[in-house]
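This is the structure I have questions about; it appears just below.
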Amino acid sequence: MRLGVLVRILASMMALAAMRPAIAQQTLQSGRYTLTTEGCVNITSAIGDGFIVGAAGDLDDVRADLALRLLGQFKNDNGPDLGLRLVVESSPEDRLDLAEASVLLFGSHGRLEIGDRQGLPDVLTGYAPNNFSFTGAEFGPASGPSLDPGGGLQHAFVPAALAAQLNELSVLGASATLANDRSAKAVYVSPKSHGFLAGLSYAVDADDPRFGSLAQAGLVHEKYWDSNILRLGGSASLASGTDRATTRVRDLHSVNVGATLILNYDLMLGISGTWNGSSGTVIDSASPATSGAFGITTSVNYNRGRWTYGGYLQSATSEGDVRLPGNDRLTAMEVGASYRLNTKFRVYAAWYRFEFSDDGERGEWGRTDGNQFLFGLRAAL
C-alpha cells in the first residue's frame, strides 16, 4: 500500500468524522446483565531514510491495527460480580487473533482474572494509561502497537530481524521485561486504598519461548493536591529460564521503578528505569561473561484543548550475542503531536530517531542510525 492510498483512506475517514461524532463505547444492560463493547482501528504510515521504509520488498509503508473488546458482566447480590472479557485483534502480523480471553471475579476486595491476559492490567474498559507504567507518548494510539517507549509501532517499518533487537532494548527503561506478556495466567488487582494500588500475576508458561513460569508484581502510590497528581512505584518480573535443545537461558529478574508528575491535569512529566542484570542471556561457557542490561526513559506530554504534544528520550543497553564482545546499545528520541477531531477520530504524527550499536558494532547491523516520520489516524468504533 503506497502513500497515495493512505491519503485517500485518511481523507475518507476524516469526511466521516465531520458528519457527526459517535460514541466510542457502547453499553447494553438488561437486569443484572451488562455488555460493554469497544472497538478501534489505527492506520499508520511511515516515511524514513535508508533501509527504514521500502528497502525490502516485503516491507509496507502503511499498516492497519484493529481491536474489538467485549466485556460481559453479571451483578451478583450475594457475592462477587462475574465477568467475561474478550479481545479480538487484527494486524499485519496476525490477521485475526483472539488476543485476550479471561473470566473475572470482582467486587470490593479487588479483581481476579484467569485466562489469556496481559500482566498487571488495571483497567477493564476504556483506554486509560496503565498505572504500572510511568512514561509514554500520549499523542499516539492508546492501544495496540503504540508510539510509547517499548510500544513497537516505531519499529514496525524496519526489517524484522532488526526490529526484534530494537524491541528487546526499547522495553528497558519503559517497563519490567515481559510486562505485556499475554499468556494464560491468574491476575489479581487490588482496590485502590489510601492512594495505593497493587497487582500480582502468575503464568505457568510465558509467551516468550526463552522462559517458562512467570511471576509479576507491581505497587504504585498516587498523591493528589489541588489539580496535581504524583504517582510513584514500580513492578518486577521473575521468570524461569528454559533448557530447550542445546540452549540454556538464565532466569529473568527484571525490576522497573518510576514516577509520573501531572500538573494541572495538562502537563505530564515521567521518568522510569529498568534493571535486568544478565537475565535471559544464553549460558555459554565458551563465551565471555555477560554484562548487565538496563535502561532509562524520560518523557513529557502536554494537553491543550484538542491538541496533545509530547516526546521522550531513551537509553538502553544489554548483552546481545554472548559470543561477541560488547553490548547492544540503543539511544532513541521521539517528538510528536495529535489533534482530536471529535470523540471518535484523532490524527497523530511523530518524528522518531534512533542510534543502534549491535554488539559494539561487531554484530550483523554494526552501527545503524535511523530517522522516520510516522503519521496516522485512530478511529474509535
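Side chains included, hydrogens not; waters and symmetry mates left out as well; all remaining heavy atoms used.
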Hey, are Arg353 and Glu355 close enough for a salt bridge, meaning a charged N less than 4.0 Å from a carboxylate O?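 Result for this pair is yes, salt bridge flagged.
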Step by step, work out the side chain to side chain contact (heavy atoms under 4.5 Å, CB included) result for Leu124 and Arg111. CA-CA 10 Å; Leu124 285 176; Arg111 183 174 83 247; 3.5 Å; yes
Which heavy atom of Asp208 sits nearest to which heavy atom of Asp181, and what is that distance?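 Looking at all heavy atoms of both residues, the shortest contact is N-OD1, 4.2 Å.
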Which residues share a ring pair (Phe, Tyr, Trp, His ring centres under 6.0 Å) with Tyr202, sequence neighbours left out: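 For Tyr202, no residue satisfies ring pair (Phe, Tyr, Trp, His ring centres under 6.0 Å) once neighbours in sequence are set aside.
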Would you kindly confirm whether Val249 and Leu252 end up in one hydrophobic cluster when ILVMFWY residues are joined by side chain heavy atoms under 4.5 Å apart?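 Yes; Leu252 is reachable from Val249 via cluster members.
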Side chain to side chain contact (heavy atoms under 4.5 Å, CB included) assessment of Ser45 paired with Val62: CA-CA 4 Å; Ser45 180; Val62 176; 3.8 Å; yes
Could you tell me whether a side-chain N or O of Thr317 sits under 3.5 Å from a main-chain N or O of Asp328, the two making a donor and an acceptor?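 Yes: the side chain of Thr317 pairs with the backbone of Asp328.
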If you measure from OG on Ser235 to CG on Leu200, what distance do you get to the nearest 0.5 Å?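 Atom-to-atom, Ser235:OG and Leu200:CG are 11.5 Å apart.
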Can you get from Leu261 to Tyr309 by hopping between Ile, Leu, Val, Met, Phe, Trp and Tyr side chains that sit under 4.5 Å apart?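 Same cluster.
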Heavy-atom pair of closest approach, residues Val220 and Gly234: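 It is CG1-N, 4.4 Å.
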Result of checking Glu38, Arg378, Glu89 against Ser143 for side-chain hydrogen bond (donor to acceptor under 3.5 Å, both in side chains):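 Looking at Glu38, Arg378, Glu89, the match for Ser143 under the side-chain hydrogen bond (donor to acceptor under 3.5 Å, both in side chains) is Arg378.
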Mark yes or no for whether Asn301, through its side chain, and Ala137, through its backbone, hold a donor-acceptor pair below 3.5 Å.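 The answer is no, because no donor-acceptor pair under 3.5 Å joins these two groups.
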With side-chain hydrogen bond (donor to acceptor under 3.5 Å, both in side chains) as the criterion, how do Thr44 and Asn42 come out once you've worked through the C-alpha distance, each side chain's angles and the decisive distance to 0.1 Å? CA-CA 6 Å; Thr44 310; Asn42 304 324; over 6 Å; no
Proximity of Trp307 and Tyr339 rings by center, below 6.0 Å: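 So the answer is yes for these two rings.
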I'd like to know whether the aromatic ring centres of Phe139 and Tyr348 sit less than 6.0 Å apart in this structure.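 Aromatic pair excluded; centres sit 6.0 Å or further apart.
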Answer with yes or no whether the hydrophobic clustering places Leu232 together with Leu269; edges join I, L, V, M, F, W, Y residues whose side-chain heavy atoms lie under 4.5 Å apart.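 Yes.
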Would you check, one step at a time, whether the test side chain to side chain contact (heavy atoms under 4.5 Å, CB included) holds for Thr125 with Gln25? CA-CA 9 Å; Thr125 61; Gln25 182 184 97; 3.6 Å; yes
Has the side chain of Ser190 got a donor or acceptor atom that lies under 3.5 Å from a matching backbone atom of Ala198?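 Confirmed, Ser190 side chain pairs with Ala198 backbone.
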Determine whether a donor-acceptor pair (N or O, by modelled atom type, separation under 3.5 Å) exists between the side chain of Asp94 and the backbone of Asp97.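 Pair absent, no side-chain N/O of Asp94 close to backbone of Asp97.
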With a 3.5 Å distance limit and no angle check, can you tell me whether Asp226 reaches the backbone of Asn228 through a side-chain donor-acceptor pair?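 Here the side-chain-to-backbone pair does not exist.
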Point-to-point distance, once rounded to the nearest 0.5 Å, from CD1 of Ile271 to OG1 of Thr260: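 Separation between the atoms: 10.5 Å.
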If you look at every heavy atom in Ala239 and Leu214, which pair is closest and at what distance?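 Looking at all heavy atoms of both residues, the closest pair is CB-CD1, 3.9 Å.
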Does Ser318 reach the side chain of Leu169, with side-chain heavy atoms less than 4.5 Å apart?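 When only atoms from C-beta onward are counted, Leu169 and Ser318 do touch, with a gap below 4.5 Å.
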May I ask you to test the Leu105-Leu82 pair for a side-chain heavy-atom distance under 4.5 Å?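 Sidechains of Leu82 and Leu105: in contact.
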Straight-line distance of Ile47 CD1 to Phe157 CZ, nearest 0.5 Å: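 Answer rounded to 0.5 Å: 10.5 Å.
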Salt-bridged, Arg250 to Glu319, with N to O below 4.0 Å?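 Between Glu319 and Arg250 there is no salt bridge, as every charged N stays at least 4.0 Å from the carboxylate O atoms.
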With side-chain hydrogen bond (donor to acceptor under 3.5 Å, both in side chains) as the criterion, how do Asp207 and Ser183 come out once you've worked through the C-alpha distance, each side chain's angles and the decisive distance to 0.1 Å? CA-CA 5 Å; Asp207 281 338; Ser183 61; 4.7 Å; no
Establish whether Leu166 and Val171 are linked, either directly or via other cluster members, by ILVMFWY side-chain heavy-atom contacts under 4.5 Å.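 No, separate clusters.
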Output yes when a side-chain donor or acceptor of Gln216 lies under 3.5 Å from a complementary backbone atom of Val187, and no otherwise.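 Not a single qualifying donor-acceptor pair exists.
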Can a salt bridge be assigned to the pair Glu113 and Arg85 using a cut-off of 4.0 Å between side-chain N and carboxylate O?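 Arg85 and Glu113: not salt-bridged.
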Under 4.0 Å between a side-chain nitrogen and a carboxylate oxygen: does that hold for Arg63 and Glu93?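 A salt bridge links Arg63 with Glu93.
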Do any N or O atoms from the side chain of Lys344 and from the backbone of Asn342 form a donor-acceptor pair under 3.5 angstrom?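 No.
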Yes or no on side-chain hydrogen bond (donor to acceptor under 3.5 Å, both in side chains) for Gln314 and Tyr312, after CA distance, side-chain angles and deciding distance? CA-CA 7 Å; Gln314 182 176 38; Tyr312 71 82; 4.6 Å; no
Got a sec: does the OH of Tyr33 have more than 12 other heavy atoms crowding it under 6.0 Å?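 Not more than 12 within 6.0 Å, no.
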Just wondering, are more than 12 heavy atoms of other shown residues or ligands nearer than 6.0 Å to NE2 in His221?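 Yes, enclosed.
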Between the side chains of Arg340 and Glu138, is the shortest nitrogen-to-carboxylate-oxygen separation below 4.0 Å, so that they form an ion pair?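 Answer for the salt bridge query: no.
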In Å and rounded to the nearest 0.5 Å, what is the CG to CD1 distance from Leu377 to Ile43?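 The CG atom of Leu377 sits 6.5 Å away from the CD1 atom of Ile43.
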Ser240 side chain to Ser213 side chain, donor-acceptor N/O pair below 3.5 angstrom: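 Result is yes, a qualifying pair exists.
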When you measure from the side chain of Thr274 to the backbone N and O of Gly173, does any donor-acceptor pair fall under 3.5 Å?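 Here the side-chain-to-backbone pair exists.
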Where the side chain of Ser90 meets the backbone of Arg95, is there a donor-acceptor pair that is under 3.5 Å apart?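 Looks like yes, one N/O pair under 3.5 Å.
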Quick one: do Asp251 and His253 satisfy side chain to side chain contact (heavy atoms under 4.5 Å, CB included)? Show the steps, please. CA-CA 7 Å; Asp251 293 347; His253 302 87; 3.7 Å; yes
If you apply the rule salt bridge (charged side-chain N to carboxylate O under 4.0 Å, His left out), what do you find for Arg69 with Glu100, and how did you get there? CA-CA 9 Å; Arg69 293 181 178 181; Glu100 295 185 359; over 6 Å; no
Would you indicate whether the side-chain heavy atoms of Val335 and Tyr352 approach each other to under 4.5 Å?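 The answer is no; the side chains never approach within 4.5 Å.
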Kindly compute the distance separating CG (Asn256) from OG (Ser175), expressed to the nearest 0.5 Å.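 Output value for this atom pair is 6.0 Å.
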Using modelled atom types and a 3.5 Å cut-off, is there a donor and acceptor pairing between side-chain atoms of Gln372 and backbone atoms of Gln154?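 Confirmed, Gln372 side chain pairs with Gln154 backbone.
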For Phe132, is the NZ or CZ atom of Arg231 found under 6.0 angstrom from the centre of its six-membered ring and inside 45 degrees of the ring axis?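 Checked: cation-pi criterion not met.
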Are the charged groups of Arg32 and Asp77 less than 4.0 angstrom apart, N to O?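 Between Asp77 and Arg32 there is a salt bridge, with a charged N closer than 4.0 Å to a carboxylate O.
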From Ile262 CD1 over to Tyr224 OH, what is the distance, rounded to the nearest 0.5 angstrom?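 Here the interatomic distance stands at 8.0 Å.
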Could you report the tightest heavy-atom contact between Gly270 and Thr135, atom names first, then the distance?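 That closest heavy-atom pairing would be C-CG2, 3.6 Å.
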Using the rule that two of Ile, Leu, Val, Met, Phe, Trp, Tyr join whenever any of their side-chain heavy atoms come within less than 4.5 Å, decide whether Val347 and Tyr302 are in one cluster.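 Yes, because Val347 and Tyr302 connect within a single hydrophobic cluster, where side-chain heavy atoms sit under 4.5 Å apart.
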